[in-house]
Amino acid sequence: MLTIDVAVLLAVIVFFRLRRRTEARSRFDEKLTVVIVLALGVLIAPTPAGQGILNILGQLTSGVTQASR
């Protein structure tokens, strides 16, 4: 039996949706993309990869804050 990780499936969907030209998107299409990306974020957040991304972004923002002082 083949199993597909939902996060991977959503990542593929987001990839193909974002490849389309911006002019060809309706407001509904853009809202749907945002909802899919948020769902992907919720699925990735508790994983070790999500925690690593959070740590990297935290270090990046603290570095930018310290550099601006």
Side-chain angles (χ1 to χ4, degrees):
M1 182 171 159
L2 178 67
T3 60
I4 299 175
D5 189 11
V6 176
V8 173
L9 179 63
L10 284 177
V12 170
I13 291 170
V14 167
F15 174 76
F16 283 112
R17 289 184 69 82
L18 292 178
R19 284 187 51 200
R20 292 179 41 202
R21 292 182 15 180
T22 305
E23 296 86 15
R25 296 184 192 155
S26 66
R27 286 196 184 270
F28 176 77
D29 197 28
E30 290 178 353
K31 289 178 184 177
L32 182 63
T33 301
V34 168
V35 169
I36 293 172
V37 168
L38 286 174
L40 178 61
V42 167
L43 290 173
I44 290 177
T47 64
Q51 295 301 315
I53 293 169
L54 179 65
N55 289 336
I56 290 170
L57 291 176
Q59 291 174 1
L60 180 64
T61 54
S62 66
V64 169
T65 303
Q66 290 176 358
S68 65
R69 290 183 186 175

Under 3.5 Å donor-acceptor pairs involving side-chain atoms of residues 32-39, not counting sequence neighbours:
from : atom 1 : to  : atom 2 : distance (Å)
T33  : OG1    : R17 : NE     : 3.0
T33  : OG1    : R17 : NH2    : 3.3
T33  : OG1    : D29 : O      : 3.0

Grouping I, L, V, M, F, W and Y whenever their side-chain heavy atoms are under 4.5 Å apart, do V42 and L54 come out in a common cluster? no
Answer with yes or no whether the hydrophobic clustering places V14 together with V6; edges join I, L, V, M, F, W, Y residues whose side-chain heavy atoms lie under 4.5 Å apart.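 V14 clusters together with V6.
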Sidechain-backbone polar pair: Q51 side chain, P46 backbone, donor-acceptor under 3.5 Å: no
Could you tell me the separation between the CG atom of L60 and the OG1 atom of T65, rounded to the nearest 0.5 Å?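 Answer rounded to 0.5 Å: 9.0 Å.
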ILVMFWY cluster membership beyond L57 - transitive side-chain contacts under 4.5 angstrom: I53
